[in-house]
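In this chain, numbering begins with 1 at the start of the sequence shown.
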Amino acid sequence: MAAASDSSGSSVRKRRVDSSKTETKSVDSSKTETKSVDSSEEHGAESSGDTEKEKRVTSIQEGDLLAHSYLVAFSVAYNQNKQLIGESGLMPCKNYLNSVKRYVGGKIGMAAFAYTPSILWLLDWSDMDANLDGIALAGMALSAFVLVTGMANMVIMVTLWVLYHSLVSVGQL
């Protein structure tokens with residue numbers, strides 16, 4: 001019956017069951033038959049190369065894409081922070097942080113962190129340009145580490161997120 005259904009029926013669709021088998025549904029006038037074929041028999045040595053290629057593409061898309069985005073963002077921040085939000089910038093973040101500090105009652109506490117979440121509250125404000133460069137360089141180093149090694153764990157990714165949002169939240173506009 002299987003030979004009859006193969007010759008008289010047409011192959012409707014093929015889908016992957018797992019990495020080594022492909023399921024083929026054949027249509028016969030009387031019944032539908034499903035069979036599993038070992039994909040190494042069907043495609044030869046190409047299937048193992050395809051599987052390796054799929055694994056590489058998947059690993060690149062998952063962790064490396066976000067790390068690459070962070071690397072670009074921190075590189076741009078390193079090049080532009082001093083001119084935009086540095087001490088002599090267009091809209092200095094030190095003035096912004098001081099105005100937020102006055103708005104929340106004159107002290108740095110949970111209200112200040114809630115209004116403007118940034119680790120700049122915890123740093124010395126005497127040289128804000130160095131603080132901004134330090135955050136950008138730390139973010140560039142961490143994201144480059146993830147790109148080179150491929151090790152993107154939760155601690156590193158949360159640290160990148162905190163560093164990025166520390167810069168963005170004091171950017172004002």
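- Leu167 contributes atom CG, which lies 5.0 Å from atom CD1 of Ile135 (distance to the nearest 0.5 angstrom).
- Considering only heavy atoms from C-beta on, Tyr70 stays 4.5 Å or farther from Val146 through its side chain.
- Closest of all the heavy-atom pairs between Val104 and Ala112 is CG2-CB, 4.0 Å.
- Annotation: the span from Leu123 atom CG to Asn131 atom CG amounts to 4.5 Å, rounded to 0.5 Å.
- Residues Met151 and Val148 do not share a hydrophobic cluster, defined by chaining ILVMFWY side chains whose heavy atoms lie under 4.5 Å apart.
- The hydrophobic clustering, which links ILVMFWY residues whose side-chain heavy atoms are closer than 4.5 Å, places Val158 and Leu142 together.
- Atom CG of Leu147 sits about 9.5 Å away from atom CG of Leu66, to the nearest 0.5 Å.
- Under the 4.5 Å side-chain contact rule for hydrophobic residues, Val72 and Tyr78 do not share a cluster.
- Contact annotation: the side chain of Asp133 approaches that of Lys82 to within less than 4.5 Å [non-hydrogen atoms, C-beta and beyond].
- Side-chain contact between Val76 and Gln80 is present, with heavy atoms from C-beta onward closer than 4.5 Å.
- At distances below 3.5 Å, at least one donor-acceptor pair connects side-chain atoms of Asp129 with backbone N or O atoms of Glu87.
- Judged by distance alone, with hydrogens and angles left aside, the side-chain atoms of Asn95 form no donor-acceptor pair with the main-chain N or O of Met91 at under 3.5 Å.
- To the nearest 0.5 Å, atoms CD (Gln172) and OG (Ser99) are separated by 7.5 Å.
- Side-chain contact between Leu132 and Cys93: present, with at least one pair of heavy atoms (C-beta onward) separated by less than 4.5 Å.
- Rounded to the nearest 0.5 angstrom, Ser69 OG and Tyr164 OH are separated by 9.5 Å.
- The ring pair (Phe, Tyr, Trp, His ring centres under 6.0 Å) contacts involving residues 131-153 comprise nothing, where partners must be two or more places apart or lie in separate chains.
- Considering only heavy atoms from C-beta on, Leu97 stays 4.5 Å or farther from Lys101 through its side chain.
- Separating the CE atom in Met140 from the CG atom in Leu163 is a distance of 12.5 Å, to the nearest 0.5 Å.
- The side-chain hydrogen bond (donor to acceptor under 3.5 Å, both in side chains) test applied to Trp125 returns no partner, not counting sequence neighbours.
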Identify each donor-acceptor pair in which a side-chain atom of residues 113-122 lies under 3.5 Å from a protein atom, sequence neighbours left out, and give them as a table.
residue: Thr116; atom: OG1; partner: Tyr96; partner atom: OH; Å: 3.3
residue: Ser118; atom: OG; partner: Leu120; partner atom: N; Å: 3.1
residue: Ser118; atom: OG; partner: Ser166; partner atom: O; Å: 3.0
residue: Trp121; atom: NE1; partner: Thr116; partner atom: O; Å: 2.7

